[in-house]
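In what follows, a structure is listed as structure tokens, so that the remarks can point back to it.
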Amino acid sequence: MTEQYLGIPVPVLSESNIPITKPDLLNMPRSNQYIWTATQRDLISHLVGLNPVLAEAGMRATEPSPNVAADLTVICHEMAGRLRKSPAQIAQELAEGFNSDPNPPTIQEAIAQKGYLNFLLNMHIFGNQAISEVETYQDHYGEQNIGEGETVVIDCSSPNVAKYMSIGHLRSTIIGESLARINRAIGYKVIRDNHLGDWGTQFGMLARAHELWADDYEELSEGTDPVKGLYKLYVRIHEEVEKEKIAERERSGLDANEDVETALEREGRRWFQRLESGDERAIELLKWATQKSLAEFQRVYDVLGSRYEYMLGESFYIPMIPRVLEYMRERNIASIDETGAIVVDLSMKNLDKLVVQKTDGTSLYSTRDLATLVARCAWFNPHRIIYVVGEDQQRYFRQIFATFDMMTGNTGPQTEHVHFGMIRLPEGKMSTRAGRVIFLEDLLTEAVDRARQKIDDLSRDLSREEKETIARQVGVGAVVFFDLGQGRERSIKFDWDSALSFTGRSAPYIQYAYARMRALLQRAQKEQMELRYDLPIEVTNQPGNALIKHLSKFPEAITRAAQTSRPDILAEYIFRAADLFTTLYDRVRIVNEPDSVRRNSLLRLTQASAQVVKNGLDLLCIEAPERM
RNA sequence: ACCCCUGUAGCUCAGCGGAUUAGAGCGCAACGUUGCGGACGUUGAGGUCGAAGGUUCGAAUCCUUUCAGGGGUGCCA
């Protein structure tokens, strides 16, 4: 029995590279069960109880400006028109009503202030609840069962065979991995599919280059460095094409910006035709190149900690192409134009035409992507498919999704292009051919080297193995945070020092705060201070209370990051958690606090902070070292 | 020509489902360790939120126009 979707049969799916795991729903809290959101909900329903008209006014509780000494606020200005009273009066009346009634237990009191209805939390009750939630759920703290029973497919990383991964691949790889973890944390079954670039005209070019010059590169022989050889072939053929273009333009007296087709390009395209029609020699070469490239990629993935359920690559979908095209033509979604190419007219959706088959009869990226969508629907029945691909393909994905919607009659899964800005070098756009390129593996190696140097300078009392592990965790963490710490949609200006920053708003700063938390907890243990969970939480200082409140907002931060596909929201959140702890650490003694109830509270707060930082770093694909 | 993204402190960036006095990091200046880890902390200087209009009791945030940078615009991926 072959699987199919839209009546199009799909290839048999091989076993996944790693087991496809479902989220541990039994241990997952329901969403909205957490104290922070529950408190807001209770607050609003309590106010509506006081004055039912408020329900229509769309009242909501928000966080006040940081300079206001309150934990939550209801802005009364927006209700003024409806209630025909001044904001100050509304706030005043509500505050009085609220304070004279029995309050929701987590709220201390309401204070009317300049038209704002401000609330103070009862930190005894709220704080106890917030910290015990972290203690109860531990590694699961922050998770929610929002996506229960649904599947998300994430298309990410997708490097090209026969080339090295550059720092340009960092974003898709790391944003994709982080989004996979975040979506899992809110209850989705997640399938990461690394859609390798292993098909297309470029491999026709490569085959031609191999045919011409393979003997010039001894790296290509078995046992040396085949990817380097393939890479050299790639660079060389593009250099040759460029030279031919210049010569051709001179010969025909054309401007530099006018495109000309060269003999080499024609030969490359012919090779691609042979590839698509199943030429065994060409396919053999490509298979070999893929195998060698995968080994290179895997080293990077191992260092970054990213894994993929599938790494199928574009070539996997080639057998589906005739049926996909047939399907589109039968339904008049695609048609042959005057040049003999098959195109999809998307003018109804205000988009340009999409070519799905070239004049020479070969397939395009678009053809393979549509086939891939069909196959993924058949295999995984996903609720949503996310493409983590650069912003330069925004227009393209609109065309693809619009075409796919026509194919399914809008009955397919949600499709979303999670686009991100390019990484730009100070010298300008990265270009392999111009030699302006930084390889991802070199960046990671340099990061680990610098971290190792730093550890040696500090001469901490650690074994060689420990130092090596920490250097990797810290160095790679710095690189990952450099990426995830910035807004997704803007382009990143790359320079070595900010990419490898170990101070300030960086992963090492957060990791350092975590290592200090662990050191404190270990010290407490060594001094026989058993944590007691029957004592109340008595923190009673500003940074401590701010930290407790912040920890209670972790689930909300995860939800927001998931809904907007923005890991940077979590990066900001975790940095803030580490920063608040560092402030607390500087202001109060924790292990040395004489009052035993206070000390116990501070230690439990430290433990909860460590748990949240660790959970958060994990969602960002950053490891949390116990010592550093 | 059109479409998308971006413009906030000297530099790199948060904030932009409007709301009480616009926030970080780096850099700069001055401090802090006989206190649980100084990869740290404290204080300070530094902003007409690209510009101009508009909506609103209230705009960095929403709308219009405009300037600047980046990306894209059928047979590459």
Side-chain angles (χ1 to χ4, degrees), chain A residues 60 62 64-68 70 73 75-78 80-81 86-87 113-116 118 158 160 197 199-202 205 269 314 337 339-346 350-366 368-369 389-396 398-399 419-422 424 428-429 451 454-455 457-458 460 474 485-487 489-493 495 497-498 501-506 508-509 511-513 515-524 527 568-569 571-572 575-576 579 582-583 585-593 602-603 606 627-628:
Chain A
R60 63 201 167 101
T62 57
S65 306
N67 46 46
V68 177
T73 194
I75 298 163
C76 300
H77 303 71
E78 54 197 19
S86 77
Q113 206 172 25
K114 291 190 276 188
Y116 296 86
N118 292 330
S158 310
N160 291 324
W199 204 256
T201 314
Q202 53 177 324
M205 300 294 284
R269 268 194 274 278
E314 295 182 68
D337 78 356
T339 66
I342 301 182
V343 299
V344 179
D345 184 354
L346 294 167
N350 255 330
L351 293 165
D352 293 318
K353 283 178 186 168
L354 178 70
V355 179
V356 291
Q357 188 181 78
K358 293 189 266 186
T359 317
D360 67 8
T362 56
S363 72
L364 282 132
Y365 186 39
S366 56
R368 286 165 248 141
D369 256 337
V389 180
E391 66 180 359
D392 51 340
Q393 290 183 44
Q394 238 182 114
R395 168 203 196 82
Y396 166 75
R398 273 195 206 143
Q399 293 176 305
H419 52 93
F420 51 82
M422 300 287 116
R424 295 208 335 272
K429 205 176 168 182
K454 182 87 185 174
I455 296 168
D457 290 348
L458 292 167
R460 294 239 199 277
V474 172
Q486 308 200 37
E489 298 186 357
R490 66 187 311 134
S491 59
I492 292 183
K493 290 170 194 166
D495 72 272
D497 287 336
S498 41
S501 167
F502 290 175
T503 60
R505 196 180 181 285
S506 69
Y509 176 93
Q511 290 168 319
Y512 182 65
R516 275 172 152 182
M517 296 173 202
R518 300 303 309 172
L520 278 181
L521 293 165
Q522 275 187 5
R523 190 176 189 90
E527 298 185 15
D568 59 296
I569 289 174
E572 174 64 27
F575 171 70
R576 178 91 181 121
D579 197 30
T582 303
T583 306
Y585 177 90
D586 197 61
R587 302 250 175 101
V588 303
R589 286 170 286 183
I590 296 176
V591 173
N592 296 341
E593 162 65 42
L602 287 166
L603 283 170
T606 302
R627 301 179 65 190
M628 66 183 273

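Lettering follows sequence order; numbering is per chain, from 1. Quick note: numbers below take in every heavy atom, side chains included, and nothing from hydrogens, waters or symmetry partners.
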* **Rounded C1' spacing from B:rG46 to B:rG10 in Å** => 8 Å

| task | Between B:rU21 and B:rC3, how far apart are the C1' atoms? Round to whole Å, please. | result | 40 Å

Nearest heavy-atom contact between A:G485 and A:A571 is CA-CB, 3.9 Å

Distance-only donor-acceptor test, A:T582 side-chain atoms vs B:rC40 base atoms, 3.5 Å: no

Encoded 5' to 3' (Watson-Crick or G-U under 3.5 Å; [ ] crossing; | other strand), RNA chain B becomes ((((((((.[[[[.).......]]]].(((((.......))))).....(((((.......))))))))))))....

A:E572 CD to B:rC13 P, in whole Å, measures 15 Å

Closest to the side chain of A:R490, out of B:rC4, B:rA39, B:rC13, is B:rC13

Those residues at least two apart in sequence (or on a different chain) that pass ring pair (Phe, Tyr, Trp, His ring centres under 6.0 Å) with A:F420 are none

From NZ of A:K493 across to P of B:rG70 the rounded distance in Å is 11 Å

A:E78 has its side chain closest, among B:rA24, B:rA77, B:rA19, to B:rA19

- prompt: Heavy atoms under 4.0 Å, any strand shown: does A:A515 hit a base, just sugar-phosphate, or nothing?
  reply: base

- B:rC75 base to A:T339 side chain: any donor-acceptor pair below 3.5 Å? yes

Separation of B:rC4 atom C1' from A:F420 atom CZ, nearest Å, is 15 Å

Per atom distances to the A:T201 side chain, the nearest of B:rC76, B:rC36, B:rA39 is B:rC76

| query | For atom CZ of A:R269, is the number of surrounding heavy atoms from other residues, nucleotides or ligands below 6.0 Å larger than 12? | reply | yes

Ranking B:rC4, B:rC5, B:rC76 by distance to the side chain of A:R398, first place goes to B:rC4

**Message:** I'd like the P distance from B:rG50 over to B:rU6, given in whole Å.
**Reply:** 12 Å

Regarding the side chain of A:L364, the nearest nucleotide among B:rA77, B:rG41, B:rC36 is B:rA77

Determine: side-chain N/O of A:Y509 to OP1/OP2 of B:rG41, distance under 4.0 Å, yes or no.
-> yes

RNA chain B nearest-nucleotide lookup for A:V355 and A:L458: closer to the 5′ end is A:L458

Which of B:rA39, B:rC40, B:rC75 is nearest the side chain of A:K358? It is B:rC75

In A:Q511, A:R516, A:K454, the residue satisfying side-chain contact (heavy atoms from CB on, under 4.5 Å) with A:M628 is A:Q511

- Given B:rC75, is OP1 or OP2 found less than 4.0 Å from the side-chain N or O atoms of A:K353? no

With a 4.0 Å cut-off on heavy atoms, is A:V389 in touch with a base, just the backbone sugar-phosphate, or nothing at all?
-> nothing

Sequence neighbours excluded, the answer for ring pair (Phe, Tyr, Trp, His ring centres under 6.0 Å) partners of A:Y512 is none

Exercise. For B:rC62 and B:rA24, measure between their C1' atoms and round to the nearest Å.
Key: 26 Å

Rounded P spacing from B:rG47 to B:rC2 in Å: 37 Å

ask   = Which whole number of Å gives the distance between the P atom of B:rA9 and that of B:rA52?
value = 16 Å

Can A:I590 and A:T606 be said to form a side chain to side chain contact (heavy atoms under 4.5 Å, CB included), step by step?
CA-CA 9 Å; A:I590 296 176; A:T606 302; 3.9 Å; yes

Checking B:rC75, B:rG18, B:rA77 against the side chain of A:R60 (C-beta onward), the nearest is B:rG18

Closest to the side chain of A:Y585, out of B:rG38, B:rG70, B:rG25, is B:rG38

Assert: residue with more 5' nearest nucleotide on RNA chain B, out of A:Q394 and A:R523, is A:Q394

Residue set satisfying salt bridge (charged side-chain N to carboxylate O under 4.0 Å, His left out) with A:R523, at least two apart, ordered chain then number -> A:E527

Problem set entry | Separation between the C1' atoms of B:rC49 and B:rC16, rounded to whole Å | 11 Å

Ranking B:rA77, B:rG41, B:rC75 by distance to the side chain of A:Y396, first place goes to B:rA77

What interatomic distance, in whole Å, is found between C1' of B:rA45 and the corresponding atom of B:rG27?
13 Å

Closest to the side chain of A:E489, out of B:rC26, B:rG70, B:rU6, is B:rU6

A:F502 atom CZ is separated from B:rG25 atom C1', nearest whole Å, by 16 Å

Worksheet item: Which word best sums up how the rings of A:Y396 and A:Y365 line up, parallel for under 30°, tilted for 30 to 60°, or perpendicular for over 60°?
Response: parallel

Worksheet item: Under 5.5 Å between ring centres and under 30° between planes: true for A:Y512 and the base of B:rC40?
Response: no

_A:L603 vs A:V591, test: side chain to side chain contact (heavy atoms under 4.5 Å, CB included). Steps then yes/no._
CA-CA 7 Å; A:L603 283 170; A:V591 173; 4.2 Å; yes

Would you list the protein and nucleotides 31-35 of chain B atom pairs, both N or O, that sit under 3.5 Å from each other?
{"residue": "B:rG35", "atom": "N2", "partner": "A:R589", "partner atom": "NE", "Å": "2.4"}
{"residue": "B:rG35", "atom": "N2", "partner": "A:R589", "partner atom": "NH1", "Å": "2.3"}
{"residue": "B:rG35", "atom": "N2", "partner": "A:R589", "partner atom": "NH2", "Å": "2.9"}

A:D579 atom CG is separated from B:rG25 atom P, nearest whole Å, by 7 Å

**Prompt:** So A:T201 and A:K358, side chain to side chain contact (heavy atoms under 4.5 Å, CB included) or not? Walk me through it.
**Reply:** CA-CA 11 Å; A:T201 314; A:K358 293 189 266 186; 2.9 Å; yes

Taken to the nearest whole Å, CD/A:Q486 to P/B:rG15 is 12 Å

Whole-Å distance, A:R518 CZ to B:rC36 C1', equals 15 Å

A:R424 CZ to B:rG71 P, in whole Å, measures 7 Å

- Message: If we ignore hydrogens and angles and just use 3.5 Å, is the side chain of A:R368 paired with the main-chain N or O of A:S363 as donor and acceptor?
- Response: yes

Could you list all N or O pairs between the protein and nucleotides 20-23 of chain B that sit under 3.5 Å apart?
{"residue": "B:rU20", "atom": "OP2", "partner": "A:S65", "partner atom": "OG", "Å": "2.2"}
{"residue": "B:rU20", "atom": "O4'", "partner": "A:Y116", "partner atom": "OH", "Å": "3.3"}
{"residue": "B:rU20", "atom": "O4", "partner": "A:T73", "partner atom": "OG1", "Å": "3.3"}
{"residue": "B:rU20", "atom": "O4", "partner": "A:N118", "partner atom": "OD1", "Å": "2.4"}
{"residue": "B:rU20", "atom": "O4", "partner": "A:N118", "partner atom": "ND2", "Å": "3.2"}
{"residue": "B:rU21", "atom": "O2'", "partner": "A:N67", "partner atom": "ND2", "Å": "2.8"}

